[in-house]
Each structure stands twice: as structure tokens, then as C-alpha cells.
**Q** 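Okay, handing you the structure first.
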Amino acid sequence: DITPTGTVADWGSILHFTTDGNCCNFGQRSPAIWFVPGTTRLHVRIGDSINGNWGIDTDALPLNVRTKVTLECNGTSVKLTVGEKVYTATQPTYRFAGNLIVYAGNPWYSAAKAVISNLRYKILPAAEVNEAVTSQRHYMSNLQDEEMNVAEKENMDN
């Protein structure tokens, strides 16, 4: 869930899963999420083997309102749900599969003025993936079973 509490003039970094840097090598945005400068529109990047900055942009989230955000990547299918709105896309190639560093905010951009809550990240075994092009399926949502919990994090720009 994401609750925007304001905007920043720069890209407002919310979450960033990376192999080792900002952009745009393979695995550096696996995924990464920002607010577009001066807005609460989500800029979601899920880089693949050809384009490390591939992704989806959304409409604005309402200020001071908690919005459920779910990102599912299965094979080349990507589904981003923001509140009641669903964005779907087909990724051109496969995504990174391996160890990642996780930032709530990142060292390369301003922190978003937002509260992140109920964060879950889960990689399902390859046997549960529909397409052979990738060996994992990613969920970021309110999953209730075995997952990595990240405590509620206020990611405020002071």
C-alpha cells in the first residue's frame, strides 16, 4: 500500500530492487517505483534483458489516501493494479532472476513523500510459472503466506 503525503520536484523514490546500481543494466530495476516529478503518478520500472528501464506509468494516486498497489510479473505478462485500476503490458523479453538489494527509497533520487505499508515480495518456484522464458514469478502485494515482510516504513522527505 502507498499513501502519498506530498510531492517532490525530482523523481520521488518509493522502492527499488536492484543488483547493484540505479540504471539501466540488467537487474538494476527489478522492479523500481517512483513518483513522477511534482506528482503522485507512479513510474514503475521492471527492466528486462534488452531494456533496463522498461515499465508502466500510472494515473495519480490521491494525496493522503492509502492505495493498494499490486505488481505481478509472470513470464512476459505484467499486471499492475493501483486501487481499482488495472494496467497490463507484455514485456519484450525476460527479467533478471537472482539476488537483489532492496531500498525503501534509494540513494540516487529524492525520497518520495509517502508511507509504504503491507509490503510483501515473493518469488514463486519455477514449477508455478506459466511461461518457460523466466524462472520466477514476482508478486508485490498483500500476500498472507510465506514472504519477506518489510515493516511499515515512512519514507518522508525532511
**Q** Sequence neighbours excluded, which residues qualify as ring-ring contact (aromatic ring centres under 6.0 Å, His included) partners of Tyr103?
**A** Trp108
**Q** One pair to check against side chain to side chain contact (heavy atoms under 4.5 Å, CB included): Lys113 and Thr7. What are the steps and the verdict?
**A** CA-CA 6 Å; Lys113 290 184 178 180; Thr7 61; over 6 Å; no
**Q** Sort and list the pairs that fulfil ring pair (Phe, Tyr, Trp, His ring centres under 6.0 Å) and have at least one residue in residues 51-80, not counting sequence neighbours.
**A** none
**Q** Taking Pro4's backbone N and O only, do any of them form a donor-acceptor pair with Thr40's side chain (distance below 3.5 Å, no angle check)?
**A** no
**Q** Of all residues at least two apart in sequence or in a different chain, which pass the salt bridge (charged side-chain N to carboxylate O under 4.0 Å, His left out) check with Arg45?
**A** Asp57
**Q** Indicate yes or no: at least one non-hydrogen side-chain atom of Leu71 is less than 4.5 angstrom from one of Pro31.
**A** yes
**Q** Any donor and acceptor pair, going by atom type alone, linking the side chain of Arg95 with main-chain N or O of Gly75 inside 3.5 Å?
**A** yes
**Q** Using a 6.0 Å cut-off, check whether atom CG of Asn64 has over 12 heavy atoms from anything other than its own residue.
**A** yes
**Q** Tell me, please, which residues at least two apart from Cys24 pass side-chain contact (heavy atoms from CB on, under 4.5 Å).
**A** Asn53
**Q** Might you work through the ring-ring contact (aromatic ring centres under 6.0 Å, His included) test for Phe35 and Tyr109, ending with a clear yes or no?
**A** CA-CA 11 Å; Phe35 286 137; Tyr109 292 95; over 10 Å; no
**Q** Verify, without hydrogens or angle tests, whether His16 (side chain) and Gln28 (backbone) share a donor-acceptor contact under 3.5 angstrom.
**A** yes
**Q** Holding to side-chain contact (heavy atoms from CB on, under 4.5 Å), I want the full list of residues that pass it with Thr58, two or more places apart in sequence or in another chain.
**A** Leu42, Leu61, Leu80, Val82, Tyr87
**Q** Quick one: do Trp11 and Ile33 end up in the same hydrophobic cluster if we chain Ile, Leu, Val, Met, Phe, Trp and Tyr together by side-chain heavy atoms under 4.5 Å apart?
**A** no
**Q** Salt-bridge test for Asp1 and Lys68: reply yes if a basic N is under 4.0 Å from a carboxylate O, no otherwise.
**A** no
**Q** Heavy-atom distance under 4.5 Å between the side chains of Ile2 and Thr67, does that happen here?
**A** no
**Q** Under 4.5 Å between side-chain heavy atoms, hopping through other hydrophobics if needed: is there a path connecting Leu100 to Tyr94?
**A** yes
**Q** Could you walk me through whether Thr70 and Thr81 pass the side chain to side chain donor-acceptor pair (under 3.5 Å) check?
**A** CA-CA 5 Å; Thr70 304; Thr81 306; 5.4 Å; no
**Q** I need the minimum non-hydrogen distance between Val8 and Ala111, along with the two atoms involved.
**A** CG1-O, 3.7 Å
**Q** Side chain to side chain contact (heavy atoms under 4.5 Å, CB included), that's the test. Do Thr3 and Val65 meet it? Break it down for me.
**A** CA-CA 5 Å; Thr3 307; Val65 175; 5.8 Å; no
**Q** What is the distance from atom OG1 of Thr88 to atom CD1 of Ile56, rounded to the nearest 0.5 Å?
**A** 7.5 Å
**Q** If I compare all heavy atoms of Gly6 with all of Leu63, which pair ends up nearest, and what's the gap?
**A** N-CD2, 3.4 Å
**Q** Test of understanding: with salt bridge (charged side-chain N to carboxylate O under 4.0 Å, His left out), list the residues that count as partners of Asp59, not counting sequence neighbours.
**A** Lys85
**Q** Are the side chains of Leu15 and Asn106 in contact, using a 4.5 Å heavy-atom criterion?
**A** no
**Q** Any link between Phe96 and Val102 through a network of hydrophobic side chains (Ile, Leu, Val, Met, Phe, Trp, Tyr) touching at under 4.5 Å?
**A** yes
**Q** Is a side-chain donor or acceptor of Ser30 paired with a backbone partner of Phe17 at a separation under 3.5 angstrom?
**A** no
**Q** State, with a plain yes or no, whether a side-chain heavy atom of Ile14 is found less than 4.5 Å away from one of Trp34.
**A** no
**Q** Using side chain to side chain donor-acceptor pair (under 3.5 Å) as the criterion, point out the one residue from Asp48, Thr19, Thr18, Asn22 that pairs with Arg29.
**A** Asn22
**Q** Would you say the side-chain atoms of Gln91 pair up with the backbone N or O of Ile46, donor to acceptor, closer than 3.5 Å?
**A** yes
